[in-house]
Protein chains: 2
Amino acid sequence: MAKLDESLLCDLPPFCLLERAQIREILEAAVSRRYEAGTSIFEEGAQADRFFLLLDGYLRVVRTTPGGDQIIVLHISPGQLFGIAPALQRETYPAASVAAVESLALSWPVRLWPEFTAKYPGFATESYKTVGQRLGQIQETLTEMATQAVEKRVACALLRMVNQSGRKTEAGIEIAFPITRQNISDMTGTTLHTVSRLLSAWQKAGIVESTRKHVTVTDPHALVLLSELDP
Amino acid sequence: MAKLDESLLCDLPPFCLLERAQIREILEAAVSRRYEAGTSIFEEGAQADRFFLLLDGYLRVVRTTPGGDQIIVLHISPGQLFGIAPALQRETYPAASVAAVESLALSWPVRLWPEFTAKYPGFATESYKTVGQRLGQIQETLTEMATQAVEKRVACALLRMVNQSGRKTEAGIEIAFPITRQNISDMTGTTLHTVSRLLSAWQKAGIVESTRKHVTVTDPHALVLLSELDP
DNA sequence: CCGCCAGTTTGTTCGAGAGCAAAGTCGGAC
DNA sequence: GTCCGACTTTGCTCTCGAACAAACTGGCGG
């Protein structure tokens, strides 16, 4: 249990309607923990006994197939709730959460969920809104995966990451967390080879720049065209 | 607004904890409507102003890409809530719902949702449970789509339909709603040609039987093997 | 009873992208 | 500085399944 400044929470959607005293209460009940890059916060299929809020860092939500292939379902940015399976009456987490960088998260035991939704106005509403957005996003990814060619899927994946956590730099917009070719291929259901070729081609075309583990989109508009156009 | 027997509702998860009087109240507020096969209950992107309960029939939940390709996200069986976007604070429905056969559904205006969850114990819990199940199912489909070859995806899709709405017959287990090769290809992101070839091969192998618009799985176990094994 | 059409089957061609192989390079540990 | 391992690049081959084409079939409406 850590002593945390309530200003961390009071701007976030699920908490922004609450009073200082309520926020303090919530913090009192929370456990705060640091996760090193690469470590997992919880595993796929594990007992869903807590729910979480990411304060700092970035997470990947990952599913692994029996065959050992894995795919990245989505990324979590600071300020977002995650591991909210228990809010949906799930016994287990449907996917694992892995820290992409050193990260900091709060968590509460599941039994507090009903209390939170009952006691704090707007908490339930805002949380379910998050669920709705994720559901929509996953449906979108699914359609994309089912209908689009590899090139478009990769373009869409980059755009999604840029939109969710792009940082403006001199060169363009940089994805805020480290990401390998392998990671991108795990988001798009392709191979790191293909991703590497695509990024090389786009770099030559002046659309992206990339170094090890980092990608900057220099011409977002061109990427949008790639993700939409047919030929 | 139709006069409906409350016994229709009282066994369903969202309502099973309620008293007769409450169920009657809920029915009073509902609009009941019949939909012909092929018609849509609501369109993708439409204002999400009502939520629904399928009483009879089967629905496909469909997303369409800008390019005109469409994919079937999931099927809805009698007794399930659908179009519950509003419960997740969405302004619009993220996908369309189309009747696969002549169907009957109840619906209520969105403004009753908060009332229902507040007034009827277990309603919110059970509804969000449904959301959780769908989220899990879609994630599963997504991983499948991203990692598995066409043959396995089709096998999985058949198994999912059989599990959700299989009917025992002399020959095996029949999928309870009409389904074309095209439909199956829309669930698996392939073409009707490929699905046709697969079904033919499986029929020859004694695993399935199929006529126009109908599929019966005669050897479910063999299909499970196909959906799991590697070689 | 016939004709039509939606749905299905089957053949053939062809290209995207997976799989395999190998070499290059950057960054951190020591 | 130098070594090592994780990440990346690039070339080549080969297969799966999409795309195109065309014929067939069964059911429904007139």
Side-chain angles (χ1 to χ4, degrees), chain A residues 36-38 65 67-71 98 100-102 144-155 157-158 175 177-205 208-216 226 230-231, chain B residues 36-38 60 65 67-72 98 100-102 144-155 157-158 175 177-205 208-216 226 230-231:
Chain A
E36 274 182 67
T65 66
D69 303 306
Q70 61 173 42
I71 83 128
V98 179
V101 290
E102 181 173 356
E144 199 180 289
M145 199 75 88
T147 62
Q148 312 289 36
V150 167
E151 184 175 27
K152 287 195 191 184
R153 301 209 301 268
V154 174
L158 287 186
I175 293 166
F177 45 85
I179 184 146
T180 66
R181 311 289 185 260
Q182 175 73 62
N183 290 151
I184 298 177
S185 70
D186 286 345
M187 300 178 63
T188 50
T190 178
T191 61
L192 75 164
H193 309 271
T194 302
V195 172
S196 178
R197 283 181 237 270
L198 282 173
L199 288 185
S200 296
W202 291 343
Q203 179 135 2
K204 222 163 284 173
V208 306
E209 272 173 35
S210 66
T211 63
R212 292 201 153 203
K213 295 206 186 197
H214 285 276
V215 177
T216 301
L226 275 176
D230 224 8
Chain B
E36 272 182 69
R60 304 186 211 285
T65 66
D69 303 306
Q70 63 173 41
I71 82 131
I72 297 172
V98 179
V101 290
E102 181 174 357
E144 202 179 289
M145 199 75 87
T147 62
Q148 312 288 37
V150 167
E151 183 176 27
K152 286 193 191 186
R153 300 209 301 268
V154 174
L158 287 185
I175 293 166
F177 45 86
I179 184 148
T180 66
R181 312 289 184 259
Q182 176 73 59
N183 291 151
I184 299 178
S185 71
D186 286 345
M187 301 178 62
T188 50
T190 179
T191 62
L192 77 165
H193 308 268
T194 302
V195 173
S196 177
R197 282 180 236 272
L198 282 173
L199 288 185
S200 295
W202 292 343
Q203 180 136 1
K204 221 162 285 173
V208 306
E209 269 172 37
S210 66
T211 64
R212 286 193 165 214
K213 296 207 187 195
H214 285 275
V215 178
T216 302
L226 275 177
D230 222 8

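Naming convention: chains lettered A, B, ... in sequence-line order (proteins, then strands); numbering from 1 in each chain. Values reported hereafter were calculated over all heavy atoms of this structure, with side chains retained and with hydrogens, waters and symmetry mates removed.
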Donor-acceptor contact below 3.5 Å, side chain [X] vs main chain [Y]:
| X | Y | value |
| --- | --- | --- |
| A:Arg153 | A:Gln148 | yes |
| A:Ser196 | A:Leu192 | no |
| B:Glu151 | B:Leu226 | no |

Nucleotide [N], atom [atom2] - distance to [atom1] of [X] in whole Å:
| X | N | atom1 | atom2 | answer |
| --- | --- | --- | --- | --- |
| A:Lys204 | D:dT10 | NZ | C1' | 10 Å |
| B:Asp186 | C:dT8 | CG | P | 12 Å |
| A:Lys152 | C:dA16 | NZ | C1' | 14 Å |
| B:Ile179 | C:dG7 | CD1 | P | 12 Å |
| A:Glu209 | D:dT9 | CD | C1' | 18 Å |
| B:Asn183 | C:dT8 | CG | C1' | 13 Å |
| B:Trp202 | C:dT9 | CH2 | P | 13 Å |
| A:Gln203 | D:dT10 | CD | P | 10 Å |

Give the minimum heavy-atom separation between [X] and [Y], together with the two atoms involved.
| X | Y | result |
| --- | --- | --- |
| A:Met145 | B:Ala146 | CE-CB, 3.7 Å |
| A:Gln203 | A:Ser210 | OE1-N, 3.3 Å |
| A:Ala100 | A:Pro178 | O-CG, 3.5 Å |
| A:Ile184 | A:Thr188 | O-OG1, 2.9 Å |
| B:Val208 | B:Leu199 | CG2-O, 3.9 Å |
| A:Ile175 | A:His214 | O-ND1, 4.2 Å |

Practice item. Could you check B:Trp202 against B:Val215 for side-chain contact (heavy atoms from CB on, under 4.5 Å), going step by step and ending with a plain yes or no? Key: CA-CA 11 Å; B:Trp202 292 343; B:Val215 178; over 6 Å; no
Review point. Is the closest side-chain heavy-atom distance between B:Val195 and B:Thr180 below 4.5 Å?
Key: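 The answer is no; the side chains never approach within 4.5 Å.
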Exercise for review: Mind checking B:Leu199 for me? I need base, sugar-phosphate or nothing, with any heavy atom below 4.0 Å counting as a touch.
Suggested key: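 Nothing: the residue B:Leu199, judged by heavy atoms under 4.0 Å, touches no strand.
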Identify all pairs in which a protein N or O lies below 3.5 Å from an N or O of nucleotides 22-27 of chain C, and state each distance.
from: C:dT25; atom 1: O2; to: A:Arg212; atom 2: NH2; distance (Å): 2.5
from: C:dC26; atom 1: O2; to: A:Arg212; atom 2: NH1; distance (Å): 3.0

Exercise for review: Go through DNA chain D and write down every stem, that is, every run of at least three consecutive Watson-Crick or G-U wobble pairs with distances under 3.5 Å, as range with range.
Suggested key: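 Paired runs of 3+ in DNA chain D: C:1-30 with D:1-30.
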Check your understanding: Can you tell me if the side-chain N/O atoms of A:Ser196 get under 4.0 Å from OP1 or OP2 in D:dT9?
Key -> yes
Produce the list of close N/O pairs, under 3.5 Å, pairing protein atoms with atoms of nucleotides 12-17 of chain D; give distances to one decimal.
from: D:dG17; atom 1: OP1; to: B:Val150; atom 2: N; distance (Å): 2.9

